[in-house]
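Read through the structure below, which is laid out as structure tokens, and then see the notes.
Any value given below was found using the heavy atoms of this structure, including those in side chains, with hydrogens, waters and symmetry copies removed.
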Amino acid sequence: MMTCRLCGSGDLTGVVDLGATPPCERILTAGQLDEPEVTYPLHLRVCTSCWLAQIPPLITPEETFTDYAYFSSYSASWVEHARAFVAELDLRPGSFVVEVASNDGYLLRHVVERGVRCLGIEPSVNVGQAARERGVPTVTAFLTPQSAQAVVAEHGKADYVVANNVYAHIPDVIGFTQGLRTLVADHGRVSIEVQHLLTLMQLNQYDTIYHEHFQYYTVASAQRALASGGLTLVDVELLTTHGGSIRLWAAPSGVPSQRVSDVLAMEKAAGLHELSGYIDFTERVAKVRRDLLSFLVNAVEEGSTVVGYGAPGKGNTLLNHCGVRPDLLPYTVDRNPYKHGKFTPGARIPIFAPERIAADKPDYVLVLPWNLRDELIDQLSYIRDWGGRLVFPIPALEVV
């Protein structure tokens, strides 16, 4: 029986069942196409005791992040988001900044440019090496209370601890939060960015449900998770990144701001602190699936060509849940050279370099990383030269 990983309750209710899919980051080489793929159930449930939405921990972080296919710096808008964040920090010559899950140094490189001491903690060997090549000090480790103690013993406590897009990726919520508390000085602050369950539900962003995302937070559940490790939620910001995120500001002690109360009230009004906010999500997900399949089938029957842009984790959830295969989407492209010449998990759709689009001049380009909408509308503006159009599948099918 599955129990809540935060409060231990057995009172979990299904929100949406997406069937069984392979882990979204396990892209395939040509040599693996004749080999079997392991699939795992993808069933989101919510705990009716603490309201943490979660999936079972069927894969381990070590399986996903030891050698990782995602490099943050390939998104220009995300690098700019990180630069703006660092610019707002009260950094002084003696400050020390630690980022957990620091990826390829996309954020800490801006701290380095300001001449401030910093350290990245990144479990993936390949992307951590990319950070070091950029001049960002980086250790290869998963954050645990023990690894945090080792960092503090060598480098001291941090004035700022940053954890962007990782708080959903760890099955041991309590241990990870204890690690954050160990890293931060008593006077310091912890900044966590994570997708907001409120926008996931309201905007049908079900493709962000995948196996490396173990839990999905409201401010209410995040507040409880932080408290479990000795941190107090003192402020929250609503962000547009990743389709709608929250920036949680936590500290060893303090009083929640009015903004915390305001967002909690928004969540309550949406029914996310009770079951009423979850009951119709399955049908809304089914409509997204039907609409996308109808579009792709009609395009093929009309003789139009449709290709994909991007090979993100969310795209793999969408493609596999909808049953899209190369007969409907012959290929997708991605800016990350690591993925070129490989195939998406499950759907086994080929991944090429972005230049393939200009060479083939398709009628439609299905945008899988829809959260980068503005950036990609600009990047792909050249498809207008031959009358090409962009297709966004989430929150509802839209042809631009």
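Side-chain heavy atoms closer than 4.5 Å link hydrophobic residues (I, L, V, M, F, W, Y) into clusters, and following such links, possibly through other members, connects Ile377 to Ile394. By the criterion of side-chain heavy atoms lying less than 4.5 angstrom apart, applied directly or through intervening Ile, Leu, Val, Met, Phe, Trp or Tyr residues, Ile170 is not grouped with Tyr210; the two fall into different hydrophobic clusters. At a threshold of 4.5 Å between side-chain heavy atoms, the hydrophobic network of Ile, Leu, Val, Met, Phe, Trp and Tyr places Val161 and Val151 in one connected group. Criterion: ILVMFWY side-chain heavy atoms under 4.5 Å apart, direct or through other members. Under it, Tyr167 and Leu264 are part of a common hydrophobic cluster. Taking hydrophobic clusters as Ile, Leu, Val, Met, Phe, Trp and Tyr residues chained together by side-chain heavy-atom distances below 4.5 Å, Leu33 does not share a cluster with Leu329.
Panel note: side chain Asn371, backbone Gly243; no donor-acceptor pair is recorded below 3.5 Å. A distance-only check finds no donor-acceptor pair linking the side chain of Ser124 to the backbone of Val127 [under 3.5 Å]. Checking side-chain atoms of Thr282 against main-chain N and O of Val15 turns up a donor-acceptor pair under 3.5 Å. In terms of modelled atom types and a separation under 3.5 Å, the side chain of Arg325 and the main chain of Ile349 share no donor-acceptor contact. For the pair Thr177 (side chain) and Gly229 (backbone), a donor-acceptor distance under 3.5 Å is absent. Between the Thr332 side chain and the Gly310 main chain, a donor and an acceptor come within less than 3.5 Å of each other. A donor-acceptor pair is defined here as one N or O able to donate and one able to accept, closer than 3.5 Å; such a pair exists between the side chain of Ser147 and the backbone of Phe142.
Within the 4.5 Å cutoff, no side-chain heavy atoms of Val162 are placed close to those of Val100. Looking at Val255 and Val234, their side chains never come closer than 4.5 Å, going by heavy atoms from C-beta outward. Side-chain contact between Cys4 and Leu12: present, with at least one pair of heavy atoms (C-beta onward) separated by less than 4.5 Å. The shortest side-chain heavy-atom distance between Phe392 and Leu390 falls under the 4.5 Å cut-off. Side chains of Asp378 and Leu376 form no contact here, defined as non-hydrogen atoms less than 4.5 Å apart. Within the 4.5 Å cutoff, side-chain heavy atoms of Tyr338 are placed close to those of Ile27. At least one side-chain heavy atom of Leu292 sits under 4.5 Å from a side-chain heavy atom of Leu397. Using a 4.5 Å heavy-atom threshold, the side chains of Leu107 and Val136 count as separate.
Judged purely by distance below 3.5 Å, without hydrogens or angles, the side chains of Thr21 and Asn320 never pair a donor atom with an acceptor atom. With no hydrogens or angles considered, a side-chain donor-acceptor pair links Tyr309 and Gln379 at under 3.5 Å. Between the side chains of Asp207 and Trp370, at least one donor N or O lies within less than 3.5 Å of an accepting N or O. Residues His81 and Glu193 bring a donor and an acceptor atom of their side chains to less than 3.5 Å of each other. Remark: the Asn298 side chain and the Glu302 side chain contain no N/O donor-acceptor pair separated by less than 3.5 Å. Counting only N and O atoms by type, the side chains of Tyr106 and Glu99 include a donor and acceptor under 3.5 Å apart. Judged by distance alone, the side chains of Glu212 and His169 do bring a donor and an acceptor atom under 3.5 Å apart. Thr48 and Asp11 are not linked by any side-chain donor-acceptor pair at a separation below 3.5 angstrom, with hydrogens and angles left out of the test. Using a 3.5 Å distance cut-off with no hydrogens or angles, the side chains of Thr208 and Tyr216 do not pair a donor with an acceptor. Lys287 and Asn204 are not linked by any side-chain donor-acceptor pair at a separation below 3.5 angstrom, with hydrogens and angles left out of the test. A donor-acceptor contact closer than 3.5 angstrom links the side chains of Tyr331 and Asp360. In this structure, a donor-acceptor pair under 3.5 Å is absent between the side chains of Asp334 and His340.
With respect to the salt-bridge test (charged N to carboxylate O, under 4.0 angstrom), the residues Asp104 and Arg132 do not qualify. Remark: Arg373 engages Glu398 in a salt bridge, criterion side-chain N to carboxylate O under 4.0 Å. Contact check on Arg289 versus Asp291 returns no salt bridge, with no Lys/Arg side-chain nitrogen under 4.0 Å from an Asp/Glu carboxylate oxygen. Ion pairing between a basic and an acidic side chain is recognised when a charged N comes within 4.0 Å of a carboxylate O; Glu283 and Arg290 show such pairing. Arg26 has no carboxylate O lying under 4.0 Å from a charged side-chain N of Glu37, or vice versa, which leaves the two without a salt bridge.
Nearest heavy-atom pair, Ala251 versus Arg189, reported as atom, atom and distance to 0.1 Å: CB-NH1, 3.3 Å. The two residues Ala158 and Val98 have their closest heavy-atom pair at CB-CG2, 3.8 Å. Of all heavy-atom pairs between Arg356 and Val333, the closest is CB-CG1, 4.2 Å. Minimum interatomic distance between His211 and Pro22 (heavy atoms only, all atoms of both residues): ND1-O, 3.9 Å. Between Asp90 and Ser95, the shortest heavy-atom distance links the atoms O-OG, 4.1 Å. Gly271 approaches Ser276 most closely through the heavy-atom pair CA-OG, 3.7 Å.
Taking the ring centre of Phe343 as origin, the terminal cationic atom of Lys339 falls outside the region bounded by 6.0 Å and 45° from the ring axis. Figure legend: Arg284 and Phe281 shown without cation-pi pairing, the cationic atom not lying both under 6.0 angstrom from the six-membered ring centre and within 45 degrees of its axis.
Between Phe295 and Tyr364, the gap from one ring centroid to the other is short of 6.0 Å.
Paired with His196 under the rule side chain to side chain donor-acceptor pair (under 3.5 Å), one option of Gln202, Glu267, Gln205, Arg247 passes, and it is Glu267. Among Leu239, Leu197, Val236, the one residue that satisfies the side-chain contact (heavy atoms from CB on, under 4.5 Å) test with Ile246 is Val236.
Taken to the nearest 0.5 Å, the NE2 atom of His187 stands 12.0 Å off from the OG atom of Ser253. To the nearest 0.5 Å, the span separating OG on Ser245 from CG on Asn165 amounts to 6.0 Å. Taken from CG in Leu28 to CD1 in Ile351, the straight-line distance is 8.5 Å, to the nearest 0.5 Å. Expressed to the nearest 0.5 Å, how far CH2 of Trp78 lies from CG of Asn164 amounts to 5.0 Å. In this structure, CG on Leu226 lies 9.5 Å from OG on Ser221, to the nearest 0.5 angstrom. Ile209 CD1 to Lys314 NZ: the interatomic distance, rounded to the nearest 0.5 Å, is 12.0 Å.
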Practice problem: Show your reasoning for whether side-chain contact (heavy atoms from CB on, under 4.5 Å) applies to Asn103 and Glu122. | Solution: CA-CA 6 Å; Asn103 202 264; Glu122 168 56 46; 4.2 Å; yes
Donor-acceptor contacts, no H, no angles, side chain residues 51-59, under 3.5 Å, sequence neighbours left out:
{"unit_1": "Trp51", "atom_1": "NE1", "unit_2": "His273", "atom_2": "O", "d": "3.2"}
{"unit_1": "Gln54", "atom_1": "OE1", "unit_2": "Arg5", "atom_2": "N", "d": "3.1"}
{"unit_1": "Gln54", "atom_1": "NE2", "unit_2": "Leu52", "atom_2": "O", "d": "2.9"}

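Within the structure, no pair that satisfies the salt bridge (Lys or Arg N to Asp or Glu O under 4.0 Å) test touches residues 149-161, not counting sequence neighbours.
Contacts of Tyr160 classified as ring pair (Phe, Tyr, Trp, His ring centres under 6.0 Å), with partners at least two apart in sequence or in another chain: none.
A 6.0 Å sphere centred on CD of Glu88 holds no more than 12 heavy atoms belonging to other residues, nucleotides or ligands.
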